[in-house]
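Data block below; observations after.
Both backbone and side-chain heavy atoms feed into the values below; hydrogens, waters and symmetry mates do not. Everything quoted here is computed from the prediction, not taken from an experiment. Each chain gets a letter, A, B and so on, in the order its sequence line appears, and its residues count up from 1.
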Amino acid sequence: MEVDFYQQVFQVVKLIPYGKVTSYGAIAKYLGTARASRMVGWALNNCNIGGDNIPAHRVVNRNGILSGKSAFKGEHVMKDLLESEGIEVVDDQVKDLKKHFWDPFELDKELQ
DNA sequence: TGCATGACCTGAG
DNA sequence: GCTCAGGCCATGC
């Protein structure tokens, strides 16, 4: 197994702008493995445990739900981090997901 | 080697 | 418009 996949995931997550969030599917799609969106979650889970500075709190599922909050030290940590970035979180869910959503492909657009 | 599970997504009813 | 079931890939036992 190439760890490149994980590195790619970490890279994309690190590139998420301040105050923005994205979804596992978007990242998976960006990496060319749209059907392996579950692996993105695994990668983030491992990276979070690893202790790397990955803003995994900016990654939510399609509905904007903080499905990975349990991977953090505390239930409130993820919510706290998001709120500190100006993102409203209600009931473990990002409010106005459309407003704060960030697509990795936008990065390519900017680069091009 | 094989089965079961997971921070999900998409399509059909 | 919402709910249910299937599928995808990698990892662990």
What is the per-nucleotide protein-contact pattern of nucleotides 7-13 of chain B, from the 5' end, where B denotes a base atom under 4.0 Å from a protein heavy atom, S denotes such proximity for sugar-phosphate atoms only, and - denotes neither? BBS----
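Between the side chain of A/R62 and the main chain of A/G25, no donor-acceptor pair closer than 3.5 Å is present.
Nucleotide C/dC9 holds its P atom 9 Å from the CE atom of A/M39, rounded to whole Å.
Between the side chains of A/H57 and A/E85, a donor-acceptor pair is found at a separation under 3.5 Å.
The list of side-chain hydrogen bond (donor to acceptor under 3.5 Å, both in side chains) pairs with a residue in residues 19-35 of chain A, not counting sequence neighbours, reads A/Y30-A/D108.
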What side-chain donor-acceptor pairs closer than 3.5 Å can you find for residues 87-99 of chain A, not counting sequence neighbours?
unit_1: A/D92; atom_1: OD2; unit_2: A/K69; atom_2: NZ; d: 2.8
unit_1: A/Q93; atom_1: NE2; unit_2: A/N63; atom_2: O; d: 3.2

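Nearest heavy-atom pair, A/I65 versus A/N61, reported as atom, atom and distance to 0.1 Å: N-OD1, 2.7 Å.
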